Amino acid sequence: MIIEVATPDDLTKLLAFREEAATWLRKLGSDQWHRPYPADRLLATIEAGTVFMVRDSGTTAATITLTPKAEDGLWLSEELAEPSLFVNKLTVARTHAGQDLGGRLLDWAGDRAYRSGASWLRLDAWTTNDALQRYYLRHGFEHVRTVTEGGAVNGGPRVSGWLAQRTASLDSDHDLVDWAPAPVPVSAV
């Protein structure tokens with residue numbers, strides 16, 4: 001499997017990917033991602049070069065957004081003073097579920113964070129999705145705190161405020177062929 005930077009041509013696929021994941025989550029009893037994500041915001045992240053696609057023999061297997069920009073209102077100023085990369089919208093196609101592709105993507109992201117000079121790989125997860133939170137804990141993240149104040153980027157109250165982090169570290173065991181450009185050095189915000 002290869003990982004590469006998404007292009008604007010991937011927008012439709014990414015929106016469908018999110019809907020597929022939301023449908024699957026609803027079947028599990030979760031309200032995660034029940035509101036559509038604004039296409040213009042997603043396109044902006046693609047154009048910023050922070051969205052990555054995992055391809056498996058021409059099929060899109062997964063996606064991850066990895067950005068040096070934290071969502072407003074989540075992280076404290078002293079945390080933002082530490083160079084970090086933030087994981088968003090990690091999604092694995094149902095056709096590739098059960099292969100720990102998400103875990104491998106997290107390892108790739110931690111490696112990319114390390115190579116960019118970041119100290120931390122950070123994320124915010126759905127506050128009511130206990131299974132997702134346990135998943136991140138199993139993959140080396142430590143819970144920092146849960147933030148419920150504020151609003152969501154796609155409207156309504158904040159629903160993704162379970163904050164976690166793990167140390168950025170060199171890791172080549174993810175087995176993804178990395179076709180993405182070298183990471184840009186990050187600094188504290």
Side-chain angles (χ1 to χ4, degrees), residues 1-7 9-11 13-14 16-18 20-21 24-25 32-33 37 42 45-71 75 79 82-126 129-144 160 162-187:
M1 283 188 251
I2 64 161
I3 187 162
E4 59 189 358
V5 176
T7 69
D9 291 340
D10 291 311
L11 179 62
K13 177 63 178 173
L14 287 165
F17 232 51
R18 187 174 175 102
E20 175 189 84
W24 174 70
L25 288 164
Q32 184 170 341
W33 291 356
Y37 196 81
L42 185 53
T45 60
I46 291 169
E47 290 173 341
T50 61
V51 180
F52 300 88
M53 307 292 281
V54 176
R55 316 265 191 203
D56 183 18
S57 301
T59 301
T60 301
T63 183
I64 188 171
T65 299
L66 190 59
T67 177
K69 296 180 181 174
E71 185 178 325
W75 297 90
E79 293 164 337
E82 303 168 317
S84 305
L85 285 183
F86 298 86
V87 171
N88 300 132
K89 299 183 277 306
L90 171 61
T91 312
V92 175
R94 296 294 84 218
T95 57
H96 287 73
Q99 301 173 34
D100 196 32
L101 182 52
R104 290 165 52 204
L105 262 174
L106 291 170
D107 290 344
W108 171 85
D111 179 79
R112 190 166 179 87
Y114 178 85
R115 290 186 295 120
S116 73
S119 300
W120 297 102
L121 181 63
R122 291 179 164 150
L123 57 82
D124 58 281
W126 210 256
N129 191 334
D130 295 334
L132 180 61
Q133 295 165 17
R134 287 190 304 273
Y135 175 83
Y136 286 127
L137 293 171
R138 282 193 313 271
H139 283 87
F141 285 84
E142 294 182 15
H143 179 240
V144 175
S160 188
W162 185 87
L163 306 184
Q165 64 186 14
R166 76 181 200 192
T167 305
S169 63
L170 198 58
D171 185 347
S172 59
D173 292 337
H174 50 71
D175 290 334
L176 298 171
V177 178
D178 193 345
W179 285 3
V184 175
V186 297
S187 61

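These numbers come from a predicted model, not from an experiment.
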So do [Y] and [X] actually touch side chain to side chain, heavy atoms under 4.5 Å?
{"X": "Pro185", "Y": "Ser116", "value": "no"}
{"X": "His174", "Y": "Leu106", "value": "no"}
{"X": "Phe17", "Y": "Thr60", "value": "yes"}
{"X": "Glu79", "Y": "Arg122", "value": "yes"}

For a side-chain hydrogen bond (donor to acceptor under 3.5 Å, both in side chains) check, start with the C-alpha distance between Asp56 and His96, then their side-chain angles and the critical distance, and finish with the verdict. CA-CA 9 Å; Asp56 183 18; His96 287 73; 2.9 Å; yes
With distance as the sole test, does [X] use its side chain to make a donor-acceptor pair with the main-chain N or O of [Y] at under 3.5 Å?
{"X": "Thr50", "Y": "Leu66", "answer": "no"}
{"X": "Arg166", "Y": "Phe141", "answer": "no"}
{"X": "Thr91", "Y": "Lys89", "answer": "yes"}
{"X": "Ser84", "Y": "Glu82", "answer": "yes"}
{"X": "Asp10", "Y": "Lys13", "answer": "no"}
{"X": "Thr59", "Y": "Ala61", "answer": "no"}

Taking all non-hydrogen atoms of both residues, which atom of [X] and which atom of [Y] are closest, and how far apart?
{"X": "Val92", "Y": "Gly102", "answer": "CG2-N, 3.8 Å"}
{"X": "Ile46", "Y": "Thr7", "answer": "CG2-C, 3.4 Å"}
{"X": "Glu20", "Y": "Arg94", "answer": "OE1-N, 3.4 Å"}
{"X": "Ala113", "Y": "Leu85", "answer": "CA-CD1, 3.4 Å"}
{"X": "Val87", "Y": "Leu90", "answer": "CG1-CB, 4.4 Å"}
{"X": "Ala70", "Y": "Trp75", "answer": "CB-CD1, 3.8 Å"}

Single hit among Thr45, Val5, Leu11 for side-chain contact (heavy atoms from CB on, under 4.5 Å) with Val51: Thr45
Can you tell me how far apart CZ (Arg134) and CG (Asn129) are? Round to the nearest 0.5 Å. 8.5 Å
Calculate, to the nearest 0.5 Å, the distance between atoms OH and CG belonging to Tyr114 and Leu170 respectively. 5.5 Å
Tell me whether the count of non-hydrogen atoms from other residues, nucleotides or ligands lying under 6.0 Å of CD in Glu142 goes above 12. no
Would you find more than 12 non-hydrogen atoms of other residues, nucleotides or ligands less than 6.0 Å from Tyr135 atom OH? yes
Output, in order, the C-alpha distance, side-chain angles, deciding distance and verdict of side-chain contact (heavy atoms from CB on, under 4.5 Å) for Thr63 and Phe52. CA-CA 6 Å; Thr63 183; Phe52 300 88; 5.9 Å; no
Starting from the C-alpha separation in whole Å, work towards a yes-or-no answer on side-chain contact (heavy atoms from CB on, under 4.5 Å) for Leu105 and Val54. CA-CA 9 Å; Leu105 262 174; Val54 176; 3.7 Å; yes
Taking the ring centre of each residue, are Trp120 and Phe86 less than 6.0 Å apart? no
State whether a side-chain donor-acceptor pair under 3.5 Å links Asp124 with Trp162. no
Scan side-chain atoms only and decide if His139 and Asp107 contain a donor-acceptor pair under the 3.5 Å cut-off. no
Does Gln99 form a side-chain contact (heavy atoms from CB on, under 4.5 Å) with Met1? I'd like the steps, not just the answer. CA-CA 12 Å; Gln99 301 173 34; Met1 283 188 251; 4.0 Å; yes
Any Lys/Arg nitrogen of Arg55 or Glu4 sitting under 4.0 Å from an Asp/Glu carboxylate oxygen of the other? yes
Show your working on salt bridge (Lys or Arg N to Asp or Glu O under 4.0 Å) between Arg104 and Asp111 and close with a plain yes or no. CA-CA 10 Å; Arg104 290 165 52 204; Asp111 179 79; over 6 Å; no
For the pair Asn88 and Thr67, evaluate side-chain contact (heavy atoms from CB on, under 4.5 Å) and give the outcome as yes or no after the intermediate values. CA-CA 8 Å; Asn88 300 132; Thr67 177; 3.4 Å; yes
